[in-house]
Amino acid sequence: MNYWLMKSEPDGFGIDHLQARPKRTAPWDGVRNYQARNFLRDGMRKGDLAFFYHSSCAAPGIAGIVKIVRAGYPDHTAWNPDGEHFDPRSSPANPIWYMVDVQLVREFRHPITLAALKQHPALRHMKLLQRGNRLSVLPVSAPEWNTILKMEKSARQP
DNA sequence: GCCAACGTTGGC
DNA sequence: GCCAACGTTGGC
């Protein structure tokens with residue numbers, strides 16, 4: 001099993017939106033970056049876990065945990081000319097973009113802020129924290145994953 | 001709103 | 001294949 005981090009803007013699709021979905025499940029569509037696409041298509045497996053990260057907001061940080069419940073499959077929003085994620089180069093015969101389905105596992109009562117992540121020495125080398133990183137889908141190492149879970153636990157039971 | 005950092009595009 | 005211009009991301 002592998003661990004990941006997936007970014008979304010809470011104003012567009014936040015963890016509360018996922019919570020409100022039937023079966024708390026939604027497709028993670030609209031990714032239009034090749035490196036992130038490769039993680040979605042080739043890296044993620046059903047059963048993998050990911051942090052749900054809120055970006056471009058007042059308090060950026062990790063808001064909860066999701067599970068990959070369907071591995072990579074073609075992102076059909078690229079084929080809708082009226083949609084905001086339309087890409088005329090992609091077709092059902094030759095899809096360019098991929099998505100996965102995620103299911104909410106748990107929403108953090110106390111989100112782990114980006115500022116808190118930056119302060120933790122064990123997370124110094126986390127991809128999320130490297131300068132200039134803009135990928136919306138990132139791998140997380142097992143030690144990093146466990147460190148963050150501990151941070152969340154201690155925030156929960158001080 | 002600003003700006004740094006990065007990815008993509010397209011001319012040559 | 002190079003590289004300048006442009007667009008996007010995302011923290012602050």
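Protein chains get the first letters and strands the later ones, always in sequence-line order, with residue 1 at the start of each.
- Considering only side-chain N and O atoms, A/R37 lies nowhere under 4.0 angstrom from the phosphate OP1 or OP2 of B/dG7.
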Does the ring pair (Phe, Tyr, Trp, His ring centres under 6.0 Å) test come out yes or no for A/F52 and A/W4, once each step is laid out?
CA-CA 9 Å; A/F52 193 125; A/W4 307 92; over 10 Å; no
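- Across the protein-nucleic acid pair, A/L114 atom CG and C/dG10 atom P stand 11 Å apart, rounded to whole Å.
- With respect to the salt-bridge test (charged N to carboxylate O, under 4.0 angstrom), the residues A/R37 and A/D75 do not qualify.
- Atom CG of A/L138 and atom P of B/dG7 are 12 Å apart (whole Å).
- Relative to the side chain of A/S55, the nucleotides B/dT9, B/dG7, C/dG11 differ in distance, and C/dG11 lies closest.
- Side-chain N/O atoms of A/Y53 include none lying less than 4.0 angstrom from OP1 or OP2 on C/dT9.
- Within the 4.0 Å cut-off from OP1 or OP2 of C/dT9, not a single side-chain nitrogen or oxygen of A/K7 is found.
- Regarding A/R32, its CZ atom lies at a distance of 19 Å from the C1' atom of C/dG10, rounded to whole Å.
- In terms of modelled atom types and a separation under 3.5 Å, the side chain of A/E152 and the main chain of A/T147 share no donor-acceptor contact.
- If you take CG of A/D11 and C1' of C/dG10, they are 13 Å apart, rounded to a whole angstrom.
- Between the side chains of A/S91 and A/W79, no donor N or O sits under 3.5 Å from an acceptor N or O.
- Atom-to-atom, OH of A/Y34 to P of B/dG7 comes out at 14 Å; the value is rounded to the nearest Å.
- Protein atom CG of A/L117 is 11 Å distant from nucleotide atom P of C/dG11, rounded to whole Å.
- Of all the residues in residues 118-137 of chain A, A/R131, A/G132, A/R134 reach under 4.0 Å from DNA chain B with at least one non-hydrogen atom.
- Looking at A/T77 and A/R32, their side chains do bring a donor and an acceptor atom within 3.5 Å of each other.
- Side-chain N or O atoms of A/R109 include none that pairs as donor or acceptor with a backbone N or O of A/R156 at under 3.5 Å.
- Protein atom CG of A/N33 is 10 Å distant from nucleotide atom C1' of B/dC6, rounded to whole Å.
- Residues A/D42 and A/Y98 have side chains that never bring a donor and an acceptor to within less than 3.5 angstrom of each other.
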